[in-house]
Amino acid sequence: MMKLGVLTSGGDAPGMNAAIRAVVKTADYHNIEVMGIEGGYQGLIEGKLHRLTSTDVDYIADKGGTFLKTSRCAEFMKESGRIKALSILKDYGINHLVVIGGEGSFKGTQKLHELGVNVIGIPATIDNDLSYTDYSLGFDTTLNTILECLGKIKDTDLSHEKTTIVEVMGRYCGDLALYSALAGAGEIISTPERKLSFEEICSKLNEKIKSGKKDNLILITEKMYDIQDLQKYVEDRLDVSVRTSILGFIQRGGQPSAFDRILASKMGITAVELLLKGYSGRAVGIKENDLINVDIEKVHSKLSSNDDKYSLLDTILA
Ligand code: F6P
């Protein structure tokens, strides 16, 4: 008899709720009992589980965050934490698990798979930093949120003929900045994959100003530089006053886009169906519009420089 657990782990991402909904509804359809695990792996270790039925997830698909709550759980990274988690799963008779999260969460999923639990991962992180899938849940919504913010900053930059340096999230992946610029917001971008020095940013900005363009958005991925140092560097060298804006956690919340909701539904259904077919230790993804699943052990952070997309950018930002 199959009994399924579902949890969300790591940073919350819009679309997580839609994925939970799809998992629970699909399980219900197949008469599988589902337990919702609250607060990710931490909640699992602490035994925070409760029964979830279809009606419990009726009104969550359009909500940001995760109604199951989440955590970044250091204890689960240790063997002792995983042993505790395993014994809770045994106590509840849960032999199948769907984990909705990013790369760090999938490492835990892999460990549970090695311990004999049947597990499937659904990728959810606004950073879009997983190499095996074109999109992770949350990325599209966050991208749209960023574009909305950049549009507002552009209104005031245009009115005052000002330049603003905007820092966006992404951890060590530049996709949020890259795709924002591809979508038409941002004159100069610097990402971990294509990191510009202060000098290079300054010289690109100088060229724009000399050509008559005085409103310029400089998009940078977080964790690369101190945005105030960059502002000072530019102001010291060019005769401009520069604004700065760190978009921060506004990027992580909000109603998931249609794209994220639909993708979440497809991935949630697929995860349960894979478990029903006897698969374990797999991560669901999407590649060139096809749903795929890969060995979760082979899931890594993106290291590629997204060359094709950067060359598109070189053309339109030249
Ligand atoms: O992984 C999602 C993300 O929002 C990153 O973009 C960011 O660097 C990080 O999480 C922030 O993490 P925390 O919520 O732990 O501060």
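For ligands, and for the atoms within them, numbers begin at 1 and follow the listed sequence.
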Under the salt bridge (charged side-chain N to carboxylate O under 4.0 Å, His left out) rule, what pairs show up with a residue in residues 5-30, not counting sequence neighbours? Asp12-Arg252, Lys25-Asp58
If you measure from the Lys or Arg side-chain nitrogens to the Asp or Glu carboxylate oxygens, is any gap between [X] and [Y] under 4.0 Å?
X: Asp157; Y: Arg243; answer: yes
X: Lys107; Y: Glu103; answer: yes
X: Lys204; Y: Glu200; answer: no

Can you tell which of Asn128, Val168, Asp127, Thr125 gets a heavy atom nearest to atom 5 (C) of ligand 1? Asp127
Heavy-atom nearest neighbour of atom 15 (O) of ligand 1 within options Arg72, Arg252, Arg171: Arg72
Going by the rule salt bridge (charged side-chain N to carboxylate O under 4.0 Å, His left out), which residues pair with Glu75 if we only count those two or more places apart in sequence or in a different chain? Lys84
Apply the side-chain hydrogen bond (donor to acceptor under 3.5 Å, both in side chains) test between Ser241 and each candidate in Gln231, Lys162, Glu235; give the one that qualifies. Lys162
Just to confirm my output: which protein heavy-atom neighbour is closest to atom 8 (O) of ligand 1, and how far is it? Glu222 OE2, 2.6 Å
Below 4.0 angstrom from a heavy atom of [X], which ligand 1 atoms are there? Numbered from 1 as shown, please.
X: Met169; value: 4 (O), 6 (O)
X: Lys223; value: 8 (O)
X: Phe249; value: 14 (O), 16 (O)

Gln251 contact mode with ligand 1 (heavy-atom cut-off under 4.0 Å): neither
Any N or O on Gly170 sitting closer than 3.5 Å to an N or O of ligand 1? yes
